[in-house]
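Take a look at the structure set out below.
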2 protein chains.
Amino acid sequence: MGAGMSGRRAFTHLGEDARRSALIDATLDCIAEGGPQAATVRAIAARAGVTPGLIRHYFASKEELVAQAHEALMTGLTETSASALDALPADPLARLAGFVAKAVTPPVADARAVALWAASMQLVPRDPAMRAVHAATYLDFRDRLEGLIAEALHAAGRPADAATARRLAIAGNALLDGLWIEASVLPEHVASDEARTIAVDAFARLLGVELPAP
Amino acid sequence: MGAGMSGRRAFTHLGEDARRSALIDATLDCIAEGGPQAATVRAIAARAGVTPGLIRHYFASKEELVAQAHEALMTGLTETSASALDALPADPLARLAGFVAKAVTPPVADARAVALWAASMQLVPRDPAMRAVHAATYLDFRDRLEGLIAEALHAAGRPADAATARRLAIAGNALLDGLWIEASVLPEHVASDEARTIAVDAFARLLGVELPAP
DNA sequence: TCCGGGTTTATACGATTGTATAAATGCACA
DNA sequence: TGTGCATTTATACAATCGTATAAACCCGGA
């Protein structure tokens with residue numbers, strides 16, 4: 001592309017942190033697009049706009065890069081979900097409805113996120129570190145949902161004991177997970193607005209309360 | 001191991017169909033154990049007890065072998081679920097409860113199955129054939145669940161219209177999927193009997209009926 | 001018993017992978 | 001404006017990947 005007759009390609013220093021996260025982002029992009037086997041050292045470097053050798057300068061091995069990429073993905077997902085809480089209404093019932101609706105509609109529900117999640121799911125049974133991250137993020141989300149459920153039940157005048165709230169949170173979490181997956185993977189069979197309606201309606205039935213349409 | 005001083009290793013003819021399915025089983029074992037990247041031609045052949053070249057005699061390429069392995073996995077799962085219906089009681093309420101309980105407890109819920117499912121999930125967005133198989137099995141299971149739900153509601157004296165039954169089936173399917181995943185991946189956080197209790201209780205709340213403990 | 005044909009093994013090849021090492025470069029600081 | 005040093009590139013290497021091809025083998029039918 002008219003890069004001149006020869007010579008070494010130009011480059012700019014970017015700083016350790018920025019370069020690290022750029023490489024991590026490139027790794028996630030590669031995995032999302034073509035699965036783990038597509039995330040080769042050369043493909044990652046090409047997408048990050050650097051040469052392959054640089055990866056080994058910031059990560060002891062490709063395995064370490066992939067592990068850190070998955071950790072960044074997980075923490076990013078939980079942070080997104082946590083910050084979404086701030087934008088929700090204060091009324092406990094509307095709050096729960098809004099939380100549930102957001103969890104199964106775009107941009108939370110999208111094919112890339114599910115592809116990455118499935119990729120990490122494959123590592124969880126084998127890699128203890130991945131397993132720990134998965135358990136932590138799972139329990140974090142579940143606890144947050146349990147809090148919303150408890151407050152909603154209290155506001156509706158039928159508070160539940162701790163054991164019931166916990167069981168409802170487990171069931172609700174599973175419901176959101178499954179709906180999130182199908183709405184992302186098969187959007188033509190589970191449309192976006194339909195997923196929202198179904199999720200809110202199911203939660204209303206689970207808790208035995210009326211939930212406002214978000 | 002005392003195989004003699006040299007010579008070609010002994011082997012036996014197995015027949016086309018048997019060898020094909022043996023290679024497919026070996027492929028699934030490899031994927032379940034170490035993910036797709038562990039399912040190399042040599043690893044598959046070693047697990048099947050043959051030499052690598054034989055794979056290319058039965059499959060035009062490794063890609064074709066993997067595709068057929070995933071198809072076999074999917075159809076196997078649906079057949080298992082379908083045949084499980086025969087062993088369930090005739091009473092619609094007990095039948096639904098039993099179906100739900102079986103879906104989230106071993107042997108349906110196990111780490112190997114989830115690992116394979118996650119692996120196939122990664123191919124679904126990219127591979128049209130995998131996408132078609134996934135959609136078919138998903139809709140198949142969902143339709144079966146919708147039938148059970150409709151019959152249970154009818155037996156309980158509060159029949160639902162078609163749209164409601166469909167929405168309940170989608171929600172119930174998502175609930176079973178999510179619980180199946182977590183019970184398989186994190187059995188220490190969602191114990192087996194707890195998953196059964198939660199699932200049946202959640203379905204009772206969803207449908208607004210009393211379900212017998214299976 | 002032997003022989004034909006499909007099954008299986010053995011070996012090799014090019015491409016791609018992760019990794020290692022040295023040289024060149026851009027940038028902060030004097 | 002030069003200079004030190006971390007950053008980045010370039011190149012090379014061994015291992016492993018999927019694939020190709022020819023030879024050896026097992027087994028059923030004559």
Side-chain angles (χ1 to χ4, degrees), chain A residues 1 3-27 29-31 33-70 119 123 127, chain B residues 1 3-27 29-31 33-70 119 123 127:
Chain A
M1 303 171 160
M5 56 188 74
S6 76
R8 192 171 263 248
R9 60 185 275 186
F11 65 93
T12 58
H13 288 45
L14 197 59
E16 184 167 336
D17 292 348
R19 191 62 84 187
R20 276 192 133 89
S21 69
L23 288 172
I24 286 177
D25 288 345
T27 303
D29 284 344
C30 287
I31 294 176
E33 259 188 25
Q37 71 274 23
T40 68
V41 172
R42 287 166 178 82
I44 294 169
R47 184 175 282 263
V50 297
T51 50
L54 190 58
I55 288 180
R56 295 257 318 151
H57 184 259
Y58 286 108
F59 301 92
S61 69
K62 181 204 165 189
E63 188 180 0
E64 183 183 312
L65 167 58
V66 171
Q68 291 194 23
H70 276 118
L123 301 175
D127 187 336
Chain B
M1 292 118 187
M5 53 188 76
S6 77
R8 191 169 265 246
R9 60 185 274 187
F11 65 92
T12 57
H13 288 45
L14 197 59
E16 184 167 335
D17 293 347
R19 192 62 86 186
R20 276 191 132 90
S21 68
L23 288 173
I24 286 178
D25 289 345
T27 303
D29 285 342
C30 286
I31 294 177
E33 256 186 29
Q37 71 274 19
T40 68
V41 172
R42 288 168 177 81
I44 295 170
R47 184 174 283 264
V50 298
T51 50
L54 190 59
I55 288 180
R56 297 257 316 152
H57 185 258
Y58 286 108
F59 301 92
S61 68
K62 182 205 164 188
E63 189 180 1
E64 182 184 314
L65 168 58
V66 172
Q68 291 194 23
H70 276 118
L123 299 171
D127 187 337

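In the text below, chain A, chain B and the rest are named by the order of the sequence lines, each starting its count at 1.
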Partner set under side-chain contact (heavy atoms from CB on, under 4.5 Å) for E16(A), not counting sequence neighbours
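Here the qualifying residues are R20(A), Y58(A).
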Could you grab the distance from atom SG of C30(B) to atom CG of D25(B), nearest 0.5 Å is fine?
11.0 Å
Drop me the distance from L23(A)'s CG to Q68(A)'s CD, to the nearest 0.5 angstrom.
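Going from CG on L23(A) over to CD on Q68(A), the span is 10.5 Å.
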What is the distance, to the nearest angstrom, from the [atom1] atom on [X] to the [atom2] atom on [N]?
| X | N | atom1 | atom2 | value |
| --- | --- | --- | --- | --- |
| L14(A) | dA28(C) | CG | P | 12 Å |
| H57(A) | dA10(D) | NE2 | C1' | 15 Å |
| L54(B) | dA22(D) | CG | P | 18 Å |

Under 4.0 Å protein heavy-atom contact, by nucleotide of nucleotides 13-19 of chain C - B base, S sugar-phosphate only
----BBB
What string of B, S and - do you get for nucleotides 23-30 of chain D, 5' to 3', when a contact is any protein heavy atom under 4.0 Å?
BSBBS---
Look at all strands and tell whether F59(B) reaches a base, only sugar-phosphate, or nothing, counting heavy atoms closer than 4.0 Å.
nothing
Assign I55(A) to base, sugar-phosphate, or nothing according to its heavy-atom contacts below 4.0 angstrom with the strands shown.
nothing
So among I44(B), V66(B), L65(B), which one has a side-chain contact (heavy atoms from CB on, under 4.5 Å) with I24(B)?
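Among the candidates, only L65(B) passes.
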With a 4.0 Å cutoff (strictly under), does any side-chain N or O of R19(B) reach OP1 or OP2 of dT8(C)?
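R19(B) to dT8(C) OP1/OP2: side-chain N or O found under 4.0 Å.
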Heavy atoms only: give me the nearest [X]-[Y] pair and the separation to one decimal.
| X | Y | answer |
| --- | --- | --- |
| P36(A) | A119(A) | CG-CB, 4.3 Å |
| T12(B) | R19(B) | O-NH2, 3.2 Å |
| F11(A) | H13(A) | CE1-CE1, 3.8 Å |
| A45(A) | I55(A) | N-CD1, 4.1 Å |

